[in-house]
Amino acid sequence: MCGIIGILGNAPAAPRLVEALKRLEYRGYDSAGVATLENGQIKRRRAAGKLANLERVLAEEPLAGITGIGHTRWATHGAPTTGNAHPHATDKVAIVHNGIIENFRALREELAKGGHKFASETDSEVIAHLITDYLDKGQSPEQAAISAVRRLDGAFGIAVLFAGHEDVLIGARKGSPLAVGIGDGEMFLGSDAIAVSPFTTRVMFLDEGDIAVLSRTSVKVLDASGKQAERKVHIFAGGAAAVEKGNHRHFMQKEIYEQPETTGRTITRYVNAFEERIEMPDFGGVDLNAESAVIIGCGTAHYAGRVAEYWLEQIAGLSVETDIASEFRYRKPAFGKNAFSVFVSQSGETADTLAALRYCKENGLKTLAVVNVPESTIWREADARLPTLAGPEIGVASTKAFTAQLSALAALTIAVGRARGAIDAKEESRLVRTLMETPRLIADALNAEPEIEKIALELSKARDVLYLGRGVHYPIALEGALKLKEISYIHAEGYAAGELKHGPIALIDEHTPVVVVAPHDALFEKTLSNMQEVNARGGKLVVITDARGAAEVADIAQHIILTPACDPFIAPLVYSIPIQLLAYFTAVHKGTDVDQPRNLAKSVTVE
Ligand code: F6R
């Protein structure tokens, strides 16, 4: 992920841009850059490496403009060089971008044919050229930005500066966050409230699909449908912006909505988008071409491991065993020859997971940690680590950390598949392309919120809820039930759909909602039979499925939660969204303490 800032000010912009970028360095520091307008012309300064390098460049060649944009980069497409640093610019437009432009290759080809010359290896540069193309066709800055944004697939937050337009700055967001800071005769754009906090305490958070057209004295927000919209202004005094909920009522809701961004950030950490292949960090002696692996975690982290078990067996042909950390360490497990072990943990401090890691080390296994908190104990003690880049998770119920774990484990699956010769280069590039679609599809899945909120009202009256899933969606059903239990205090159980008739079907009656995770995949027909069994016994079906699935369950489902059609590989990531929203709104309807549910703790450092 990257940090972006934009300023329509009354004082030299460059020092203020750098000040804001310092607050955004947590989002990446591979390179940094700023652009300002001088006599209406775009002037840029960029530098590879940390912000201090950009400061040196600016000290030697200062910029005088009072209107500008800035960027600190976490490299995704293209190496962290000065040439790939943002802002990217033509003579008419400069842009800074956070996120992934999925269709950048097609756009780049189209624009190159039209005479546009590209200077970087980034996906972002197409945005500058695309907007320029529309300006060349006679459109105004606002129209050109809107036309260009409509053509971008993927997840993004952008800020755009226009040559010759000292009083215009345009921001757009889809999947990646963007905030507007409102000053006195000044206006700001930033990736978050912290970025604009040195300049103003008044902050407006843009909603998904918004485009903001700023002047020094006005903000015009257009929503995803192009209609003018109002967004609430929040006041942040002192350091309050550091940990804020934005437009959201709870941290959990905010974190659910961050997932296009957090999955994108995690995926791009492991993907070379140009070559469409996975690039993993040093594995510290872990041999991916092993005969078997064990994956260990607790709670939600364990369920991420269970999804990975399906992936690694089906895609990489690796024999995998998953276990709950507290069971694993006391059962004296036997290991296959040359096995490696994977530990999944948000906090990196969970006592049982740490003990299991130490047990594996003592038994000679190489250890690989999928961890969210850098420098945590599990991070430090493992032989190798795959960071999940979810950022701080404040809500006790894990959401964005789960999908970040799935993102890293999906990349690991492709790497293991390649190491074991189970997939060829063509299949690897197909899987990588599919993985890169995840942030956009998660953003689409979030659109089901209004429908889910209504269904949740009914769910909030239930005493028991069953969750069903098959194959890779069985762990998603388990995770759905866990989420519901922990924040709404409603008793919930997850079952493999095919297991229903072996006992749990006795629980079905008209008072027991049954939530079914059922994309229209190769196993759909089987799950459909299980849904018929529930329907025949008067059970209320809440079916989470895509349009094809919806057509087949229309006559038996009480409710359908429509989820975007997607490749089966990334479906567990996309289907995590509705189950999280369902638990969230059920808890909201019940009035429980969503962010700090009773009896729980964020980091469980006791056995
Ligand atoms: C559920 C949840 C817990 C954690 C578990 C492991 O929403 O948050 O089940 O997943 O306590 O914690 P970490 O991932 O920190 O090891």
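For ligands, and for the atoms within them, numbers begin at 1 and follow the listed sequence. The structure presented is a predicted model; accordingly, all values stated were derived computationally and were not measured.
Remark: ligand 1 atoms within the under-4.0 Å shell around heavy atoms of Val396 are 8 (O). Heavy-atom proximity to Ala301, at under 4.0 Å, picks out these atoms of ligand 1: 10 (O), 14 (O). Which parts of ligand 1 touch Ala397 is read off a 4.0 Å heavy-atom cut-off, strictly below it: atoms 7 (O). The atoms of ligand 1 that sit less than 4.0 Å from any heavy atom of Glu486 are 1 (C), 7 (O). Numbered from 1 in the order shown, with element, the atoms of ligand 1 that lie under 4.0 Å from a heavy atom of Lys483 read 1 (C), 7 (O). Near Gln346, meaning under 4.0 Å from any of its heavy atoms, are these atoms of ligand 1: 13 (P), 14 (O), 15 (O), 16 (O). Listed by number with element, the atoms of ligand 1 under 4.0 Å from a non-hydrogen atom of Gly299 are 9 (O).
For Arg385 against Pro387, the heavy-atom pair with the smallest separation is O-CD, 3.6 Å. Of all heavy-atom pairs between Ala456 and His589, the closest is C-CD2, 3.5 Å.
The side-chain heavy atoms of Ile579 and Ile476, taken from C-beta on, include a pair separated by under 4.5 Å.
Looking at Glu453, its side chain never comes within 3.5 Å of a backbone N or O of Phe585 through a donor-acceptor pair.
If you check the side chains of Asp546 and Thr563, you find no donor sitting under 3.5 Å from an acceptor.
By the 3.5 Å distance cut-off applied to N or O atoms, Ser398 is counted among the residues near ligand 1. Checked against a 3.5 angstrom limit, the closest N/O atoms of Ser347 and ligand 1 fall inside it.
Under the 30°/60° scheme for interplanar angles, the aromatic rings of Tyr584 and His250 are found to stand perpendicular.
Interatomic distance, Tyr303 OH to Glu309 CD, rounded to the nearest 0.5 Å: 13.5 Å.
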